[in-house]
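Please read the structure below before turning to the comments.
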Amino acid sequence: MSGDTTESPSVRRLAGVEVAGERVPVSVIGLGSMGAALAGALLTSGHPTTVWNRSPGRAQQLASRGAHHATTVGEALQRSSTVLVCVLDHGAVQDVLAPAAEDLAGRTIVNLTNGTPEEARVTAAWVGEHGSDYLDGGIMAIPPMIGGPEALVLYSGSEDVFGRVEPVLGRLGTSRYLGADPGLASLYDLALLSGMYGMFGGFLHATALAQTGNAAAVEFTSSLLVPWLNAMLSALPELARQIDAGDYRDAGSDLRMQAIGLDNIVRASEAQGVSPVLLTAMQSLVRRRVAEEQGPEDISAVIEILRRHAT
Ligand SMILES: NC(=O)c1ccc[n+]([C@@H]2O[C@H](COP(=O)([O-])OP(=O)(O)OC[C@H]3O[C@@H](n4cnc5c(N)ncnc54)[C@H](OP(=O)(O)O)[C@@H]3O)[C@@H](O)[C@H]2O)c1
């Protein structure tokens, strides 16, 4: 790969003589909350860092820390062979990269923008057609975590490319490589976010219901809900084992019993003036599985209904 440029004097000053020259130049395109955090972590670790953002004002704070503020995307691509892209969505990725497509050749584009697996594959193919290597990434962290080991970042795409840029990616947090299909990072990212939103939905419904009994949200959450959910988390590995085995019959908590519990939640919520909408989807899936009369099963069996969703 060609195209690495010498670092600016300000970065040389920031990084110190012993560090400058050991760190490869990196460009960061997109300086929203996350992109700015990524660029900040690279500066902190002494990488000569070039930044570009659609609204140029967002580059100022990073420039004051030693980043080079590119005036065009093409300039950002030319200054570093490793280029991180972190904008709002894949449409924005196209908006940013397409006008500078002739400068993509020889770069490694690491796209850390959230999107679907198919969007990642399409972007990977498009970038590849322009002579660039591509990795897709999913950031499982919030901006203040970036640069620390608790910031998990998922990657997929060529293993060789990942191995080559991992020393840079390791500055952002803990890297986890998932495989050659560029869509994998996005798939796992969205799967983990699904778990998170399911938890948030459960939290919101539980709290709204408890509030009808005059509970304060903080007291209810810290003294009852969090300990209860922590206890329930320990059930997940066993449910996962049943799913891998395709055998859901080891049922300490029969789904038919759980269906009645869900009906009670929905009826009680309506009676208390709380929308049951977050729970009715689960209620419907459980009812459909119970209607198949498979005998005693655990709630893991509901995955059979989920998998039958027609596209
Ligand atoms: N923040 C988080 O907690 C978090 C966590 C994990 C993953 N992520 C992911 O990181 C990505 C960026 O998130 P963020 O929090 O940084 O979002 P943000 O603060 O809203 O920033 C959005 C960025 O996208 C740019 N942008 C939007 N549309 C554009 C377009 N059409 N052309 C060029 N640039 C465009 C914005 O440029 P302007 O400044 O010019 O508007 C800005 O740089 C998203 O995919 C998000 O899902 C974020």
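Predicted, not measured: the structure shown is a model, and the values here were computed from it. Whatever order the structure lists ligands and atoms in, that order sets their numbers, starting from 1.
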Test of ring centre spacing under 6.0 Å for Tyr177 and Tyr155: no
Presence of salt bridge, Glu293 and Arg288, under 4.0 angstrom: no
Ligand 1 to Ala92 polar contact by distance, N or O atoms, under 3.5 Å: no
Leu31: numbered ligand 1 atoms lying under 4.0 Å from its heavy atoms: 43 (O)
Ring geometry between Tyr197 and Phe200 (parallel below 30°, tilted from 30 to 60°, perpendicular above 60°): perpendicular
Ligand 1 to Pro143 polar contact by distance, N or O atoms, under 3.5 Å: no
Arg54, any N or O under 3.5 Å of ligand 1 N or O: yes
N/O separation below 3.5 Å, Thr113 to ligand 1: no
Heteroatom proximity flag, Cys86 to ligand 1, N/O under 3.5 Å: no
Arg121, CZ: over 12 other non-hydrogen atoms inside 6.0 angstrom: yes
Passing candidate, side chain to side chain contact (heavy atoms under 4.5 Å, CB included) with Gln258, options Asp298, Asp263, Val290: Asp298
Residue pair Glu304, Arg289: steps toward the salt bridge (charged side-chain N to carboxylate O under 4.0 Å, His left out) verdict: CA-CA 8 Å; Glu304 295 286 337; Arg289 183 62 181 179; 5.0 Å; no
Protein contact to atom 44 (C) of ligand 1 [nearest heavy atom, distance to 0.1 Å]: Val87 O, 3.4 Å
Asp89-ligand 1 polar pair, N/O distance under 3.5 Å: no
Whether Ala141 lies under 4.0 Å from ligand 1, heavy atom: yes
Which residue and heavy atom of the protein sit nearest atom 19 (O) of ligand 1, plus the separation: Ser33 N, 2.9 Å
Polar proximity ligand 1 side, Met34 side, N/O cut 3.5 Å exclusive: yes
Heavy-atom nearest neighbour in the protein, as seen from atom 38 (P) of ligand 1, with distance rounded to 0.1 Å: Ser55 OG, 3.4 Å
Protein residue, atom and distance nearest to atom 47 (O) of ligand 1, heavy-atom basis: Asn114 CB, 3.1 Å
